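Worksheet: the structure to be examined is printed underneath.
Owing to the predicted nature of the structure, the values given are computational and were not obtained by experimental measurement. Letters go in sequence order (proteins before strands), and every chain restarts at 1. Heavy atoms only: backbone and side chains are in, while hydrogens, waters and symmetry mates are out.
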There are 2 protein chains.
Amino acid sequence: MSKSAGAGAQREAARQDAAIRLGELENHLGYFVRRLQHWIFRDANAGLATIDLDVILYSILETIAANPGAAQIAVAGALGIERARMVALLDDLQQAGLIVRERSEQDRRAHALGLTPRGRVILKKANALVAAHEKRVARRLGVDNYRRALAALAQFETDETRG
Amino acid sequence: MSKSAGAGAQREAARQDAAIRLGELENHLGYFVRRLQHWIFRDANAGLATIDLDVILYSILETIAANPGAAQIAVAGALGIERARMVALLDDLQQAGLIVRERSEQDRRAHALGLTPRGRVILKKANALVAAHEKRVARRLGVDNYRRALAALAQFETDETRG
DNA sequence: CAGAATAGTTGTGAACTGCAATTATTGCTG
DNA sequence: CAGCAATAATTGCAGTTCACAACTATTCTG
């Protein structure tokens with residue numbers, strides 16, 4: 001769609017044919033967030049597919065690396081993943097030999113999560129792929145917009161993150 | 001909505017203990033976009049539920065209103081909805097008496113979409129609810145961050161957008 | 001100690017995704 | 001101008017995700 005509403009209607013040249021107006025959606029952050037997220041996930045997943053990961057599995061690995069010994073529910077909370085769904089995701093990572101689940105000493109209900117050596121290697125590769133993806137996002141969005149967006153959105157606190 | 005008010009104190013205490021680090025995710029726009037989108041959809045849907053809509057149906061209504069006579073595929077493209085999925089969504093809206101599907105005069109393969117009078121009434125209510133939601137987003141994110149985020153993300157062009 | 005709360009797990013129904021196939025219609029091209 | 005490719009809408013399907021509810025084992029609290 002092109003932006004043909006009153007405020008900022010430039011960059012029109014691209015879309016000649018079925019130019020669709022957005023109406024009120026122009027003023028709704030959720031609309032743009034959804035569009036951007038859609039693109040980001042496709043692009044990031046395409047990159048990570050080369051090492052048999054996706055953004056969800058990657059973000060789990062990275063969170064475990066940053067919080068060795070964390071329980072499943074803590075990782076799930078940080079990433080907005082349902083704890084029930086986390087089980088199968090961790091099964092995958094464990095079966096791939098990237099993480100270990102050990103019973104926690106302090107709380108024998110909980111699992112202490114950790115990376116295997118192989119997990120660390122894969123995570124390093126993943127971070128390189130994701131960094132390349134991030135550059136594509138920045139180029140696509142414009143470097144200034146990218147920085148502004150990251151700064152603004154990082155301020156957001158979900159219900160889970162606010163203490 | 002999200003957290004039941006009942007079990008407050010212990011939960012928040014436990015949550016503070018489990019301060020989880022994000023590692024590299026701190027630098028990844030996709031992480032924050034996903035978190036924000038999750039919250040936005042929950043909040044917006046909760047508002048729209050009072051008139052039996054959700055954000056998807058609302059955005060379809062708004063797009064039709066801004067583009068009377070548009071074909072299904074045009075609306076689907078603007079909103080990032082698969083055209084196959086659009087069928088059932090429009091079925092719902094039609095059954096609720098909010099839209100009409102007429103065969104297009106110019107192209108008899110296509111449907112010309114339009115709002116019914118009832119559709120216009122509901123859309124007006126929806127826009128009020130969504131505006132209230134938008135204010136909640138702005139307050140949650142901080143008004144300055146909200147404006148910056150909206151300005152930055154509105155620049156993004158999807159693959160469909162660019163010719 | 002009894003009862004409530006919590007971590008992990010399993011299961012379920014509904015919804016969404018991406019894809020393939022079908023029909024009716026249109027547009028292109030040789 | 002006839003045939004063939006492309007397109008709009010629709011149907012159907014397999015795999016995934018989602019939000020819940022229920023269950024076990026363990027821990028915390030009064």
Q) Nearest-Å distance, CZ (A:R108) to C1' (C:dA7)? A) 13 Å
(Q) If you compare every side-chain N and O of B:H111 against the phosphate oxygens of D:dT10 (OP1, OP2), does one of them come in below 4.0 Å? (A) yes
Q) How many Å lie between CD on B:E102 and C1' on D:dA8, as a whole number? A) 17 Å
Q: Would you work out how much the helix from C:dC1-D:dG30 to C:dG30-D:dC1 bends between its ends, with each end axis defined by five base pairs, to 10 degrees?
A: 30°
Q) Rounded to the Å, how far apart are B:R83 CZ and D:dT7 C1'? A) 8 Å
Q) Do any pairs count as a side-chain hydrogen bond (donor to acceptor under 3.5 Å, both in side chains) and have a residue in residues 78-93 of chain B, sequence neighbours left out, and if so which ones? A) B:D91-B:R101
Q. So do A:L90 and A:L93 actually touch side chain to side chain, heavy atoms under 4.5 Å?
A. yes
Q: Identify the heavy atoms of A:Y146 and A:L141 that sit nearest to each other, and give their distance.
A: CA-CD2, 3.9 Å
Q: Would you mind classifying the nucleic acid contact of B:R103 as base, sugar-phosphate or nothing, using non-hydrogen atoms under 4.0 angstrom?
A: nothing
Q. Could you state the CG-C1' distance from A:D54 to C:dG18, rounded to the nearest angstrom?
A. 16 Å
**Q.** Minimum-distance nucleotide (side-chain atoms of A:R85 versus D:dT27, C:dG8, D:dC18)
**A.** D:dC18
Q: Check the distance between C:dT23's P and B:D107's CG and give it to me in whole angstrom.
A: 19 Å
Q | Length of the line joining B:L89:CG and C:dT17:P, which is rounded to integer Å | A | 9 Å
Q.
Using the side-chain heavy atoms of B:R42, tell me which of these nucleotides is nearest: D:dT10, C:dG8, D:dA19.
A. D:dA19
Q: For the side chain of A:A84, starting at C-beta, report the closest nucleotide among C:dT10, D:dT27, C:dG18.
A: C:dT10
Q) Between atom CG in B:D92 and atom P in C:dA14, what is the gap in whole Å? A) 15 Å
**Q.** Rounded interatomic separation in angstrom, taking CD1 from B:I73 and P from D:dT10
**A.** 11 Å
Q: Identify the residue among A:H28, A:R35, A:R34 that makes a side chain to side chain donor-acceptor pair (under 3.5 Å) with A:Y31.
A: A:R35
Q. Has the side chain of A:R109 got a donor or acceptor that lies under 3.5 Å from a partner of the other kind on the base of C:dT6?
A. yes
Q: Look at the side chain of A:E82 against the base of D:dC20 and say whether a donor-acceptor pair falls under 3.5 Å; ignore hydrogens and angles.
A: yes
Q: Measure from the side-chain heavy atoms of B:Q72 and tell me the nearest of C:dA20, D:dA9, C:dG8.
A: D:dA9
